[in-house]
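Notes for the one structure printed next.
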2 protein chains.
Amino acid sequence: MAQRQLAFPQVECADCPIRHRAVCARCETDELEQLEAIKYYRNYEAGQTIVWAGDKMDFVASVVHGVAALTQTMEDGRRQMVGLLLPSDFLGRPNRDRAAYDVTATTDLQLCCFRRTPFQDLLANTPHVSQRLLEMTLDELDAAREWMLLLGRKTAREKIASFLSIIARRDATLQQRPTAGEVAFDLPLTREAMADYLGLTLETVSRQMSSLKKDGVIRLEGKRHIVIPDFDLLMDETGDDADGGVLA
Amino acid sequence: MAQRQLAFPQVECADCPIRHRAVCARCETDELEQLEAIKYYRNYEAGQTIVWAGDKMDFVASVVHGVAALTQTMEDGRRQMVGLLLPSDFLGRPNRDRAAYDVTATTDLQLCCFRRTPFQDLLANTPHVSQRLLEMTLDELDAAREWMLLLGRKTAREKIASFLSIIARRDATLQQRPTAGEVAFDLPLTREAMADYLGLTLETVSRQMSSLKKDGVIRLEGKRHIVIPDFDLLMDETGDDADGGVLA
DNA sequence: GTTTGACCTTGATCCAGATCAAGCGCGCCC
DNA sequence: GGGCGCGCTTGATCTGGATCAAGGTCAAAC
């Protein structure tokens with residue numbers, strides 16, 4: 001089959017014409033055709049809500065460009081982010097047709113959507129696709145557990161440093177650059193959204209950012225562009241052990 | 001195939017001779033034979049460590065009796081529980097032969113283990129088993145996200161109430177009893193382990209338990225046996241909306 | 001070029017939960 | 001039966017981050 005040039009980010013799955021991690025692994029076969037037949041694109045602006053918790057969701061999707069957040073809200077308004085979706089991440093749960101969380105675009109966003117029913121059929125009939133989805137879900141579970149340590153036991157400063165290192169790494173992976181020495185990237189979240197990610201208030205986020213800046217761990221160019229002069233210095237602030245990574 | 005009587009808890013999967021949720025769904029076929037061939041049992045006492053993060057793990061397992069905890073520890077000793085495994089829960093990650101977390105028995109524990117390599121082969125060759133495992137992993141991801149809301153945004157009192165309601169519900173499911181009106185069960189964790197679950201100190205756990213007791217939300221018979229006179233009253237303390245549940 | 005509003009920073013004060021400290025209850029072992 | 005240790009409770013004090021409040025920055029709208 002001829003290699004097609006598609007507007008997908010270059011991610012882990014290097015040998016696949018469709019760059020979605022979810023439906024990939026090695027899909028040089030029929031199911032690619034099937035996927036092409038059931039997919040379509042949606043675009044959102046920063047701040048737009050994609051679905052509210054409880055809404056019907058007749059699609060699943062891969063993030064192509066931009067960033068989306070999953071959040072939970074308590075009746076009195078307390079909010080906690082529980083998922084952050086970057087390009088190549090998967091949105092939606094097979095066999096559940098209602099959203100469990102609010103999903104919001106935190107930057108301009110493009111989704112590549114698959115109609116739910118045919119996608120589920122594909123999943124049922126294509127073992128290697130569902131195995132790939134299992135792997136991705138296990139990775140997300142690891143990320144969630146790392147996040148739980150952050151929420152339960154880290155100080156505000158450690159939380160901010162950890163967050164920055166996570167975003168820096170994900171960004172570097174997508175750009176195919178290393179995370180060592182000087183690293184620069186744009187924050188995909190407002191201070192308030194960072195607070196919802198970290199279980200803090202936006203004032204505390206702001207103060208700790210200022211403090212890391214004062215201490216030379218980060219530079220701020222504008223409100224959103226972060227330069228980390230020495231990535232190791234940042235890592236020292238995260239509270240993680242040096243050779244970190246969940247895979248021990 | 002003849003119905004075998006095995007010492008497994010009666011869980012969701014009602015029509016299967018093996019009661020592990022992980023390997024079940026509908027396994028009245030050959031792969032049951034295969035599983036029988038590669039499985040064995042291990043027993044642990046309360047407090048025993050099953051594996052340390054980073055250790056080689058040559059098996060995956062279902063919890064048969066008892067409770068196990070997954071915890072992460074920072075160098076300075078801060079600890080966060082990131083998983084709590086009750087009977088029918090699955091331990092171990094396919095395609096990863098090293099433990100990512102410390103695994104400890106918090107009560108006497110029996111595991112039904114499967115040797116890793118043949119289990120992985122089975123998984124690769126038996127789509128409905130890997131699909132079942134995907135479902136279970138997605139459920140765990142939901143639980144982790146609920147847990148993140150608890151860690152990030154709930155007060156100490158709400159954390160305790162939420163924890164008690166979670167344990168009460170899991171226990172009731174296993175015993176096939178309803179969670180309404182008066183509910184009673186034994187805590188499978190020490191105050192310290194509860195603190196590690198909830199991102200609190202053991203003193204705060206103790207104080208909040210006393211406070212809920214004083215307010216008549218719970219009764220304590222001994223240190224570990226909990227009686228909840230009115231389950232709705234407990235739910236009012238959790239901070240969750242009335243019709244809770246992640247599936248909205 | 002002024003107004004508006006979203007986003008962010010900084011200061012002052014407060015308080016929930018951490019920390020430090022003492023003591024209780026109970027089963028186990030000598 | 002006495003001492004010992006583990007798990008738990010309770011009290012006193014401290015503090016990191018929340019809350020309340022004011023003002024700054026910047027881009028888009030008029």
Side-chain angles (χ1 to χ4, degrees), chain A residues 45-48 74 76-80 104-108 150-164 186-215 218-226 237 239, chain B residues 45-48 69 74 76-80 104 106-107 150-163 186-215 218-226 237 239:
Chain A
E45 290 174 28
Q48 246 187 302
M74 298 170 69
D76 62 2
R78 281 176 283 174
R79 302 205 321 146
Q80 177 63 52
T104 321
T106 69
T107 65
D108 291 347
L150 177 150
L151 289 171
R153 296 301 187 194
K154 289 190 177 179
T155 65
R157 188 180 172 99
E158 287 169 341
K159 285 178 176 184
I160 299 286
S162 301
F163 172 75
L164 294 177
D186 286 318
L187 282 177
L189 300 182
T190 64
R191 300 289 185 268
E192 187 178 26
M194 285 177 62
D196 288 340
Y197 185 111
L198 299 169
L200 297 170
T201 58
L202 70 93
E203 293 95 328
T204 298
V205 170
S206 183
R207 271 186 251 276
Q208 295 297 334
M209 296 278 286
S210 299
S211 164
L212 287 173
K213 183 172 124 189
K214 180 173 64 61
D215 296 346
I218 61 173
R219 284 205 314 275
L220 269 164
E221 303 183 345
K223 306 297 185 190
R224 294 291 193 89
H225 189 75
I226 305 282
E237 300 285 348
Chain B
E45 291 172 28
Q48 246 187 301
M74 298 169 69
D76 62 2
R78 282 176 283 173
R79 303 205 318 144
Q80 177 64 51
T104 322
T106 69
T107 65
L150 177 150
L151 288 171
R153 295 302 188 193
K154 289 190 178 180
T155 64
R157 187 179 173 101
E158 287 169 340
K159 285 179 176 182
I160 299 286
S162 301
F163 172 75
D186 286 319
L187 282 176
L189 300 182
T190 64
R191 299 290 186 267
E192 187 177 25
M194 283 176 64
D196 288 341
Y197 185 109
L198 299 169
L200 298 170
T201 59
L202 69 93
E203 293 95 329
T204 298
V205 170
S206 184
R207 273 186 250 276
Q208 295 297 334
M209 296 276 286
S210 300
S211 163
L212 287 172
K213 182 171 124 190
K214 181 172 65 60
D215 298 346
I218 61 174
R219 285 205 314 274
L220 270 165
E221 303 183 345
K223 306 296 187 191
R224 292 294 193 89
H225 189 76
I226 305 283
E237 300 285 346

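Residue numbers begin at 1 in each chain, while the letters A, B, ... track the order of the sequences. All values below come from the heavy atoms of this structure, side chains included, with hydrogens, waters and symmetry mates left out. In this text the structure is predicted, and so the values were computed from the model without any measurement.
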Remember a base hit wins even if backbone is also touched, and classify [X] as base, sugar-phosphate or nothing at under 4.0 Å, heavy atoms.
X      : result
B/S206 : base
B/L202 : base
A/T190 : sugar-phosphate
A/G222 : nothing
A/G199 : sugar-phosphate
A/T201 : base
B/R157 : nothing

Can you tell me the distance, in whole Å, between the [atom1] atom of [X] and the [atom2] atom of [N]?
X      : N      : atom1 : atom2 : result
B/L220 : C/dC26 : CG    : P     : 13 Å
B/R78  : C/dA18 : CZ    : P     : 13 Å
B/K154 : C/dA16 : NZ    : P     : 19 Å
A/R207 : D/dG16 : CZ    : P     : 14 Å
B/D196 : C/dG17 : CG    : P     : 17 Å
B/R191 : C/dG25 : CZ    : C1'   : 13 Å
B/L200 : C/dA16 : CG    : P     : 14 Å
B/L198 : C/dA18 : CG    : C1'   : 15 Å

Legend entry - Shortest non-hydrogen contact between B/L150 and B/K159, atoms and distance: O-CE, 3.2 Å
Legend entry - For B/G152 against A/Q80, the heavy-atom pair lying closest together: CA-OE1, 3.3 Å
Inset, instruction - Consider the side chain of A/T155, meaning its heavy atoms from C-beta on, and name the nucleotide among C/dT19, D/dG17, D/dT19 that approaches it most closely. - result: D/dG17
Inset, instruction - Choose from C/dG17, D/dT9, D/dG17 the nucleotide whose nearest atom is closest to any side-chain atom of B/A156. - result: C/dG17
Legend entry - Distance test, side-chain N/O of B/T204 to OP1/OP2 of C/dA18, below 4.0 Å: yes
Legend entry - A/R224 vs C/dC8: side-chain N/O to OP1/OP2 distance below 4.0 Å: yes
Legend entry - Minimum side-chain heavy-atom gap A/L189-A/F163 below 4.5 Å: yes
Inset, instruction - For A/R157, look at atom CZ and say whether over 12 heavy atoms of other residues, nucleotides or ligands are found less than 6.0 Å away. - result: yes
Inset, instruction - To the nearest 0.5 Å, tell me how far B/Q208 CD sits from B/T155 OG1. - result: 7.0 Å
Inset, instruction - Answer yes or no: side-chain N or O of B/E203 and base N or O of D/dC8 forming a donor-acceptor pair under 3.5 Å. - result: no
